[in-house]
Amino acid sequence: MDSSDTFLLNDFSRFLGEQLPVSPPSSFLHSKDCSFDEWKKVGKEIFKTYIKSPSFNTPCVESLWIREFDGLSIEKLSWTLPFGPATEAYFLKPVNYKGLLRGILGLHDHGHNKILGKSKIVRIEDPTPQHILKYQEEMYGKRAWANEIAKRGFAVLVHDVYPFESRRVMPQEIPNEVISTLMGASLEPQESEQWYNRFAYHMESLIAKSIFTAGTTWPGITVAEDLVALQILSQRDEVDSSRIGCCGISLGGLRATYLSSSTESLKATVSAGFITTWNDFILHKALSHTWMYTIPLLPSFMDFPDILSLAAPNPLMVLSCIDDELFTLSEVKKAEKILRDVYEKVGYSNQFSHRYYEGSHRFSIDMQEDAFRWLERWL
């Protein structure tokens with residue numbers, strides 16, 4: 001490390017970074033005595049041990065309505081999980097389709113905006129509410145990308161995860177003294193989007209403390225929710241369950257990483273705007289990120305890209321922006337090398353792609369088009 005570097009917590013960050021293993025013992029690149037299949041089985045067990053994902057039964061799914069919009073049939077679904085408000089989701093498919101459709105689990109981002117979840121990447125009506133259009137303009141090049149890929153002949157399911165949109169924490173259900181302590185403001189919750197997102201930001205640490213105290217992890221809970229949605233998608237009559245992939249940016253890219261490492265049901269993955277090393281979080285970027293990435297103790301066994309390598313040899317595309325303020329580019333390139341080396345070692349280098357784009361943190365139209373072509377190719 002360069003002594004001139006400025007770290008988040010000065011030399012304490014340096015000290016913590018030095019606790020990470022130089023050669024993570026559960027990385028396939030450092031495995032010499034077993035086949036990839038043997039390593040993958042052990043690696044998945046280690047990942048499962050530390051992510052501590054609860055098991056949710058597949059719930060009954062209620063159809064709330066069906067409408068045609070934007071050349072698509074859009075169905076609003078709802079299901080109940082063991083905690084929080086009911087999950088709501090949109091299922092999109094072309095109006096005129098023949099045969100079974102390839103499936104995509106669309107994974108929404110974080111964006112410090114918990115009022116929105118699934119609605120960040122879908123349009124269901126005209127006119128679309130202005131706050132949704134503004135978000136899609138900033139992050140998605142004015143597109144609802146779930147609609148765009150559905151038009152190409154895919155069935156797409158987009159659901160909320162805790163605590164976003166339909167799954168969000170409702171201030172009126174939280175004790176007033178908690179809100180007062182967190183916000184340092186009026187006990188009476190305000191109705192504005194700005195107030196709610198500030199409230200949700202302050203709630204993250206309390207949620208994280210509670211989750212870790214219970215002996216599980218926030219990523220584990222999110223994976224459990226995503227696995228339920230994946231099962232619901234795979235059971236749809238319109239969907240070929242042997243040809244399902246996932247795609248997401250930012251938190252969606254993180255979710256794609258953890259989900260594709262937790263199941264064999266996904267046959268292709270696109271993870272955008274969330275790849276780096278644990279070292280990058282410790283030294284530089286933890287302040288910029290949600291608690292939703294944190295898996296205690298796992299970094300002693302595998303680096304962050306080693307987790308995503310558990311998806312191999314299935315097709316994997318990773319997309320990064322050169323000026324992404326959430327990650328250090330040199331660490332992103334270290335992560336890319338790890339993934340590329342794993343795919344080469346396995347003998348499937350053609351099934352891995354990492355592409356870079358100009359600009360800051362976003363899922364631009366160019367990125368979307370590359371992602372769509374990748375999913376069309378491999379599904």
When hydrophobic residues are tied together by side-chain contacts of less than 4.5 Å, even through go-betweens, does [X] share a cluster with [Y]?
{"X": "L206", "Y": "F164", "result": "yes"}
{"X": "L101", "Y": "F91", "result": "no"}
{"X": "M170", "Y": "L116", "result": "no"}
{"X": "L100", "Y": "L72", "result": "no"}

Problem set entry | Pair T269-W378, side-chain contact (heavy atoms from CB on, under 4.5 Å): steps then yes or no | CA-CA 10 Å; T269 297; W378 293 109; over 6 Å; no

Donor-acceptor pair, distance only, cut-off 3.5 Å: does the side chain of [X] make one with the backbone of [Y]?
{"X": "D324", "Y": "G273", "answer": "no"}
{"X": "S234", "Y": "Q231", "answer": "yes"}
{"X": "R167", "Y": "V161", "answer": "no"}
{"X": "R67", "Y": "K76", "answer": "no"}
{"X": "Q19", "Y": "F15", "answer": "yes"}
{"X": "S261", "Y": "L310", "answer": "no"}
{"X": "K267", "Y": "E264", "answer": "yes"}
{"X": "Q136", "Y": "K120", "answer": "yes"}
{"X": "K285", "Y": "E325", "answer": "yes"}
{"X": "S260", "Y": "A256", "answer": "yes"}

Can you name the nearest heavy-atom pair linking [X] to [Y], along with the distance?
{"X": "I51", "Y": "T217", "result": "O-OG1, 2.5 Å"}
{"X": "F327", "Y": "I275", "result": "CD2-O, 3.9 Å"}
{"X": "D303", "Y": "W278", "result": "OD1-N, 3.0 Å"}
{"X": "N197", "Y": "I115", "result": "OD1-N, 3.5 Å"}
{"X": "I244", "Y": "L230", "result": "CG2-CD1, 3.7 Å"}
{"X": "P54", "Y": "T216", "result": "CD-OG1, 4.0 Å"}

Could you tell me the separation between the [atom1] atom of [X] and the [atom2] atom of [Y], rounded to the nearest 0.5 Å?
{"X": "L29", "Y": "M302", "atom1": "CG", "atom2": "CE", "value": "11.5 Å"}
{"X": "K333", "Y": "I322", "atom1": "NZ", "atom2": "CD1", "value": "7.0 Å"}
{"X": "L339", "Y": "L316", "atom1": "CG", "atom2": "CG", "value": "6.0 Å"}
{"X": "S241", "Y": "L233", "atom1": "OG", "atom2": "CG", "value": "9.5 Å"}
{"X": "S271", "Y": "L254", "atom1": "OG", "atom2": "CG", "value": "8.0 Å"}
{"X": "F154", "Y": "L379", "atom1": "CZ", "atom2": "CG", "value": "5.5 Å"}

Exercise. When the aromatic ring centroids of Y162 and F83 are compared, is their separation below 6.0 Å?
Worked result: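 Centroid separation for Y162 and F83: below 6.0 Å.
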
How about [X] and [Y]: do any of their side-chain heavy atoms sit closer than 4.5 Å?
{"X": "M203", "Y": "P163", "value": "no"}
{"X": "I121", "Y": "M139", "value": "no"}
{"X": "L298", "Y": "I307", "value": "yes"}
{"X": "R362", "Y": "I249", "value": "no"}
{"X": "N113", "Y": "H131", "value": "no"}

Report the relative orientation of the aromatic rings in [X] and [Y]; use parallel for angles under 30°, tilted for 30 to 60°, perpendicular for over 60°.
{"X": "F274", "Y": "Y293", "value": "tilted"}
{"X": "F372", "Y": "W145", "value": "tilted"}
{"X": "H289", "Y": "F281", "value": "perpendicular"}
{"X": "H354", "Y": "F352", "value": "perpendicular"}

So does [X] have more than 12 non-hydrogen atoms from other groups sitting under 6.0 Å from [atom1]?
{"X": "F56", "atom1": "CZ", "value": "yes"}
{"X": "K44", "atom1": "NZ", "value": "yes"}
{"X": "Q194", "atom1": "CD", "value": "no"}
{"X": "N57", "atom1": "CG", "value": "no"}

Seminar exercise, completed: The single option from S35, P313, S309 that satisfies side-chain contact (heavy atoms from CB on, under 4.5 Å) with K40 is P313

For this session: Give me the one residue out of Y348, F28, Y343 that meets ring pair (Phe, Tyr, Trp, His ring centres under 6.0 Å) with F36.
Result: F28

Side chains of [X] and [Y]: is there a donor and an acceptor less than 3.5 Å apart?
{"X": "D280", "Y": "T328", "result": "yes"}
{"X": "Y258", "Y": "D226", "result": "no"}
{"X": "T290", "Y": "E204", "result": "yes"}
{"X": "S205", "Y": "W291", "result": "yes"}

Quick test of your reading of the model: are [X] and [Y] salt-bridged, counting only N-O distances below 4.0 Å?
{"X": "E148", "Y": "K151", "value": "yes"}
{"X": "K334", "Y": "E331", "value": "yes"}
{"X": "D160", "Y": "R168", "value": "no"}
{"X": "D70", "Y": "R123", "value": "no"}
{"X": "R14", "Y": "E18", "value": "yes"}

Problem set entry | Evaluation steps, side-chain contact (heavy atoms from CB on, under 4.5 Å), between S26 and D306 | CA-CA 8 Å; S26 297; D306 291 320; over 6 Å; no

Exercise. Out of E138, E137, E369, which residue meets the salt bridge (charged side-chain N to carboxylate O under 4.0 Å, His left out) rule with R143?
Worked result: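 Exactly one option meets the salt bridge (charged side-chain N to carboxylate O under 4.0 Å, His left out) with R143, and it is E369.
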
For this session: Kindly indicate, with the supporting measurements, whether the criterion side-chain contact (heavy atoms from CB on, under 4.5 Å) is fulfilled by V318 and L308.
Result: CA-CA 10 Å; V318 180; L308 189 49; 4.0 Å; yes

Problem set entry | Worked check of ring pair (Phe, Tyr, Trp, His ring centres under 6.0 Å) between H110 and Y201 | CA-CA 11 Å; H110 187 292; Y201 172 80; 8.7 Å; no

For this session: Would you check, one step at a time, whether the test side-chain contact (heavy atoms from CB on, under 4.5 Å) holds for F7 with H284?
Result: CA-CA 6 Å; F7 304 138; H284 306 296; 3.9 Å; yes

For this session: Could you walk me through whether N147 and Y90 pass side chain to side chain donor-acceptor pair (under 3.5 Å), step by step?
Result: CA-CA 10 Å; N147 292 50; Y90 295 126; over 6 Å; no

